[in-house]
There are 2 protein chains.
Amino acid sequence: MTIVLRSDDMRRRNRLRIIQIVRRGGTVSRGEIAQAATLSPATVSTISSELIVEGVLIARSAETGPSAGRGRPSTSLSVNPQFCHAVLIILKIGAVNVAIVDYAGTVIAREHFHLDMANVTMEDFRDTLITEIRQTWNASGLAAGQLARISIGIQGTTDIAGLRLLRSPMTPLTDIPVAFWLEEEFGVPVRLANDCDLIARALNWRDPERYSDNFAAILLAHGVGMGLFLRGQIINGTRSSGTEFGHMLHQADGALCRCGSNGCIEADAGDYAITRRYRGKPVNATPQSHVEPVEIIRIAEAARAGDALAAETFASAGRALGTGLAGIFALVDPFRIAFVGHGAAAFDLMEPALREVLKNSNASAASNIPIDLYVDEMPLVFEGCGIGALLEIDATQADRVGETSKP
Amino acid sequence: MTIVLRSDDMRRRNRLRIIQIVRRGGTVSRGEIAQAATLSPATVSTISSELIVEGVLIARSAETGPSAGRGRPSTSLSVNPQFCHAVLIILKIGAVNVAIVDYAGTVIAREHFHLDMANVTMEDFRDTLITEIRQTWNASGLAAGQLARISIGIQGTTDIAGLRLLRSPMTPLTDIPVAFWLEEEFGVPVRLANDCDLIARALNWRDPERYSDNFAAILLAHGVGMGLFLRGQIINGTRSSGTEFGHMLHQADGALCRCGSNGCIEADAGDYAITRRYRGKPVNATPQSHVEPVEIIRIAEAARAGDALAAETFASAGRALGTGLAGIFALVDPFRIAFVGHGAAAFDLMEPALREVLKNSNASAASNIPIDLYVDEMPLVFEGCGIGALLEIDATQADRVGETSKP
DNA sequence: CCTATTAATTCGAGCCTCAAAAAAAATCGT
DNA sequence: ACGATTTTTTTTGAGGCTCGAATTAATAGG
């Protein structure tokens, strides 16, 4: 009865630790959990049976099959897929992707809608979102109580709490209270996150060896964005989210950027910058509002076929990116970079110039940082959005300590 | 007897919390501690009497004097100055400052030695340091067992653990294992830290309201350095310490920097950059190795008296600083800056240009960030070094839970 | 069918925090 | 002067939590 507020801290943290070990491991025995969490078997036994009663975990008894030797076989624990579900929404230019994942992360449903955010009112946007979520949810046949959370990935910056979409290249609307709308409508926590942050989170989850403490994911698309991990934590603004890497100044009085400034990295490395330069337009020409990814690929092919202007265009992009990175590497030591998005398909053309700039910078050791490429960004954005939602649910559930006795 | 390794986590953290509340408060009653720590009076009573037995805290009984009304008067607790002492060392160009502080932070002794680090061997450096520490310690009359820690502030970068001085503008030596030397000699933990980080730490300690989660201290001296706090934590390299703000590139093919690169912020804003430009030398001229601070002050006075070249020199420095800051503010939202060092005495001359650059950057909201000035950096470096050492000792002491029963 | 072996649970001890009660140490009022 | 009042601190007992050790469960091998 007495709700102890502080001293259950230990139990809360151990609950979370166990949930996350199981989530990462997929199916693990109690003994393995004990080892991974450096807890005693006794404690793991107590907590995990609580979590099973709560429905968070399930024991998949003798599924091991052909047994593994003598002795009592271990029973594997897994996250219970049916515990709850999350709705994921990825807003892209012109499109809304809605997905439903179960508590184990499996995609249950997925819908694609068209939406021209460039020409839409606040009210329409709100109503459209709600309608499309409802439609997807209803089609899935899940009960309303099964919805635990809504997570949204967007291009643009949100407030630090992830409740409002402050501004986005997708729309002239600003300060859109998306999370409030949906929380009111669906009665569950709703959070927005920047797509680049989600990509970084996905990489961190997929391959924690490679993408652990310090790394960045750079999205090369129409614009240039960055998701940055330092010391294992996503770094974003102090008042708003999103590291605006694309808008770091790399050249005074440089090319004209979408944002109205001159000399942003994006203004030399974004899609519109590539086409602008390749078509011989002046660097101050108004940026195109949209470029088909194919065009970039085509220009890359031209460059590889010996087109000097195309080659120089990508080299210029590489220098812009390198200059920006050099600036960051002056503040924190060089780290691994993942280039993501269709621009990554042309990275071979940017790489020499990029590394050359790094080599000539103060942090010349940065010139041989490891770089990985992921051309298709959508799977990563989805995955990051999903894992983010699930980890938040885990934390919520870990907090609900001592509720086993009731139901 | 059974040394519990994990489950004492709670007690350990509460011990630390109490020590730090007392350290910050100076003299606080148990009741006030309970409130500040959101612990019950019972717990505070137990822990604080333990800490008194250990000698960490002392009860200063009825020192309140003329009483404060009815009821049992509260007894104030303070950090016990005699609990232990720390040696602080600040290495400046040509000089070694050694100080001894007691556990309450009071400076007990302070010595100043000359040392030309530019022309010294590893062995000489080691022997000199040890001799000077010994000399200062012996003169203080303290017992050997009273030494708990040695903290060292330096210009330059250290490894992430603060054990080695990787490189410093003060000396051609590199990778100097300073901490190992002194730990071996004195048998206590030794840590090195970058002077700018120490300045930032000092500001954070002095005025946590103003300098809390996100701010930077920028040292304007011969070079330009930065101590950066993000989310309440010092940010420095992932493999080495020190944010090399001064070596961020702000202009491709710009002025020649000490480091050999071109276009570093320092190469337009450091002392040597000011004198170089004011004396009409080309921006590629080899940097002076030392500039008397008075010279900078004199050039500033000339600028204020109407000297156009002097004014432009400082404006140029302001632009360099502004460009660097704009880059950082693209990654994390704008925050408060403290300019420290004799360069801050000329900040009025740099400010318009600096704010102008910020205003024209993508993060134009950054143009009115609050800026504070501290012309004399040494008190801040010392304070930061001292509080850093004491907080580390606190943490060590908090770990020694359950040792009350023995002595 | 019994034994060896490994996994998981149960049990009791030892900490830790907390609320409530008790003790301590002042002032106030008559 | 001295008990009543007030405020702070300590003591006491209860309830949680984790852990080691003992116990129970579940399998393979002979």
Side-chain angles (χ1 to χ4, degrees), chain A residues 1-18 27-35 37-53 57 59-77 398 401-405, chain B residues 1-18 27-35 37-53 57 59-77 398 401-405:
Chain A
M1 184 63 18
T2 48
I3 294 172
V4 191
L5 251 161
R6 302 192 9 71
S7 71
D8 59 355
D9 217 43
M10 182 101 355
R11 191 46 161 282
R12 195 180 52 72
R13 288 194 315 188
N14 287 338
R15 280 167 60 95
L16 183 58
R17 190 125 113 252
I18 289 177
T27 122
V28 281
S29 73
R30 291 171 175 80
E32 290 166 335
I33 295 174
Q35 205 161 18
T38 53
L39 287 169
S40 74
T43 304
V44 173
S45 180
T46 311
I47 294 179
S48 57
S49 60
E50 261 180 44
L51 291 172
I52 289 171
V53 170
L57 303 182
R60 306 211 274 167
S61 40
E63 201 179 322
T64 348
S67 100
R70 278 247 264 227
R72 174 178 178 174
S74 61
T75 58
S76 298
L77 302 183
V401 62
E403 298 190 13
T404 313
S405 33
Chain B
M1 183 63 20
T2 48
I3 294 173
V4 190
L5 252 162
R6 303 192 6 72
S7 71
D8 60 355
D9 215 42
M10 181 101 358
R11 189 49 158 274
R12 195 180 53 71
R13 287 194 316 188
N14 287 338
R15 280 167 60 95
L16 183 58
R17 190 125 113 252
I18 289 177
T27 122
V28 281
S29 73
R30 290 172 176 80
E32 290 165 335
I33 295 173
Q35 204 161 17
T38 52
L39 287 169
S40 74
T43 304
V44 173
S45 181
T46 311
I47 295 180
S48 58
S49 59
E50 262 180 43
L51 291 172
I52 289 171
V53 170
L57 302 182
R60 306 211 274 166
S61 40
E63 201 180 318
T64 349
S67 100
R70 232 126 88 137
R72 176 177 178 175
S74 61
T75 58
S76 299
L77 302 183
V401 62
E403 299 190 13
T404 313
S405 33

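Note that this is a predicted model, so its numbers are computed, not measured. A note on names: the letters A, B, ... follow the listed sequences, proteins ahead of strands, and every chain is numbered from 1.
Looking only at side-chain heavy atoms (C-beta outward), B:Ile33 and B:Arg17 stay at 4.5 Å or farther from each other. Contact annotation: the side chain of A:Asp9 never approaches that of B:Asp9 to less than 4.5 Å [non-hydrogen atoms, C-beta and beyond]. Side-chain contact between B:Leu39 and B:Ile18 is present, with heavy atoms from C-beta onward closer than 4.5 Å.
Under the 3.5 Å distance criterion, with hydrogens and angles disregarded, a donor-acceptor pair is assigned to the side chains of A:Thr75 and A:Arg30.
Summarising the geometry, the separation between CD on B:Glu50 and P on D:dT11 is reported as 13 Å, rounded to the nearest angstrom. A straight line from CZ of A:Arg70 to P of C:dA7 spans 13 Å, rounded to a whole angstrom. In this entry the distance linking CZ of A:Arg12 with P of C:dT17 reads 16 Å, nearest Å. Between the P atom of D:dT7 and the CD atom of B:Gln35 lies a distance of 14 Å, rounded to the nearest Å. Protein atom CG of A:Leu51 is 16 Å distant from nucleotide atom C1' of C:dT9, rounded to whole Å. Counting to the nearest Å, the P atom of D:dG16 and the CD1 atom of A:Ile47 are 15 Å from each other. The separation between B:Arg11 atom CZ and D:dT18 atom P is 17 Å, rounded to whole Å. Per the geometry, CG belonging to B:Leu39 stands 15 Å off P belonging to D:dT9, to the nearest Å.
Comparing C:dA7, D:dT8, D:dT27 against the side chain of A:Pro73 picks out D:dT27 as the nearest. Closest contact between the side chain of B:Arg30 and the listed nucleotides D:dT27, D:dT10, C:dC16 involves D:dT10. Comparing C:dT10, D:dT9, C:dC18 by their nearest atom to the side chain of A:Ser45 picks out C:dT10.
Taking 4.0 angstrom as the limit, B:Ser40 places a side-chain polar atom (N or O) nearer than this to OP1 or OP2 of C:dC18. Between B:Thr75 and D:dT9, a side-chain N or O to OP1/OP2 separation shorter than 4.0 Å is present. Taking side-chain N and O atoms only, B:Asn14 has a distance below 4.0 Å to OP1 or OP2 of C:dT17.
At a cut-off of 3.5 angstrom, counting only N and O atoms as typed in the model, there is a donor on one side and an acceptor on the other between the side-chain of A:Arg72 and the base of C:dA7.
Between A:Gly71 and A:Thr43, the residue whose closest nucleotide on DNA chain C is further toward the 5' end is A:Gly71.
At least one donor-acceptor pair closer than 3.5 Å links the side chain of A:Ser49 to the backbone N or O of A:Ser45.
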